[in-house]
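Working notes, structure below.
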Amino acid sequence: MIAIYPGSFDPITYGHLDIINRCANKFTKVIVAVLNNQNKSVVFSTEERVSMIKELTSGYDNVQVDNFEGLLIDYAKKMKADVIVRGLRAVSDYEYEMQMSLYNKQLCPEVETMFLVSDTKYSYLSSSIVKEIASYGGEISNFVPSTIEERIKAKYGCK
Ligand code: ADP
């Protein structure tokens with residue numbers, strides 16, 4: 001089965017990497033799909049986000065990294081995906097995720113959305129919180145791999 005794991009990944013964190021690892025162990029192929037959305041303000045460009053994920057997932061034979069524009073369900077059909085995977089952290093993720101999965105199901109019933117519950121270690125972790133902490137010069141080494149930490153610090157002008 002082919003799974004798509006879509007998101008902003010601005011930037012990738014240990015929470016995302018945990019989901020990718022779990023998917024890679026279960027699916028034949030995992031496509032990590034970086035949303036290339038002009039309307040959403042991002043710190044890292046699409047190219048930067050894709051290359052950071054590629055670097056960190058190069059050890060997996062069945063993980064591919066790509067970017068997409070427009071409707072996720074159209075991209076999923078184009079890539080012949082069976083499943084869309086999303087991570088669920090807190091109850092606060094639930095309402096939006098349910099709405100999106102029902103919408104996608106209506107547009108394309110063959111593609112299922114599956115949710116993986118976040119590891120408890122990462123249930124509080126998001127790219128936004130990492131960026132916020134970094135913007136105040138705080139410690140982020142528990143949240144992202146060191147190569148990503150360096151890139152974030154460079155963006156925020158920290159040493
Ligand atoms: P989006 O803007 O699509 O929510 P994100 O990069 O924030 O993009 O998240 C992409 C996916 O990864 C979402 O399904 C999100 O729930 C999941 N995710 C983000 N952080 C974590 C985490 N710490 N643990 C598990 N899943 C996560």
Side-chain angles (χ1 to χ4, degrees), residues 1-27 29-57 60 63-76 79 81-105 107-108 111-135 138-149 151-152 155-156:
M1 281 215 288
I2 301 177
I4 290 191
Y5 177 37
S8 306
F9 305 101
D10 186 41
I12 187 162
T13 69
Y14 281 133
H16 295 126
L17 284 168
D18 177 57
I19 300 285
I20 293 171
N21 181 51
R22 288 158 65 190
C23 287
N25 291 333
K26 292 279 178 251
F27 296 102
K29 180 161 131 187
V30 181
I31 302 166
V32 183
V34 175
L35 176 65
N36 181 7
N37 186 342
Q38 262 79 35
N39 302 326
K40 203 167 169 179
S41 68
V42 283
V43 169
F44 292 94
S45 70
T46 306
E47 294 70 29
E48 287 173 313
R49 287 177 283 147
V50 166
S51 85
M52 286 187 278
I53 304 171
K54 276 191 177 160
E55 252 176 60
L56 294 166
T57 58
Y60 297 96
V63 175
Q64 182 183 318
V65 189
D66 192 14
N67 73 83
F68 74 102
E69 281 174 346
L71 286 182
L72 171 62
I73 199 69
D74 292 338
Y75 176 72
M79 303 307 281
D82 303 286
V83 170
I84 293 168
V85 172
R86 296 283 291 172
L88 275 187
R89 284 160 293 186
V91 181
S92 49
D93 281 340
Y94 181 78
E95 195 165 344
Y96 173 76
E97 294 297 340
M98 192 181 75
Q99 192 180 20
M100 286 307 297
S101 70
L102 291 174
Y103 170 74
N104 286 331
K105 185 88 185 160
L107 293 181
C108 185
V111 178
E112 293 287 356
T113 302
M114 288 187 185
F115 296 104
L116 291 186
V117 173
S118 174
D119 188 296
T120 44
K121 289 201 289 289
Y122 308 125
S123 58
Y124 57 89
L125 181 54
S126 65
S127 302
S128 327
I129 203 95
V130 172
K131 287 181 282 188
E132 191 168 344
I133 295 170
S135 73
E139 187 57 55
I140 52 169
S141 57
N142 287 336
F143 308 142
V144 293
S146 55
T147 52
I148 308 297
E149 184 184 351
R151 281 175 152 108
I152 298 172
K155 284 275 179 200
Y156 288 98

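Order of appearance sets the numbers: ligands from 1, and atoms from 1 within every ligand. Count residues from 1 along the sequence.
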Around ligand 1, what residues show up once you keep those with a heavy atom under 4.0 Å from it? Y5, P6, G7, S8, F9, G15, H16, I19, K40, R86, G87, R89, S118, Y122, L125
Once the angle between the rings of F68 and Y75 is folded into 0 to 90°, is it parallel (under 30°), tilted (30 to 60°) or perpendicular (over 60°)? parallel
Determine whether E112 and I84 make a side-chain contact, defined as any pair of heavy atoms from C-beta on separated by less than 4.5 Å. no
Verify the distance criterion only: is there a donor paired with an acceptor across the side chains of N21 and Y60 at less than 3.5 Å? yes
Does the side chain of I2 reach to within under 4.5 Å of the side chain of I31, using non-hydrogen atoms? yes
Looking at side-chain heavy atoms only, is the closest gap between R89 and Y124 below 4.5 Å? no
Please tell me if the side chains of S126 and K131 come closer than 4.5 Å, counting only heavy atoms from C-beta onward. no
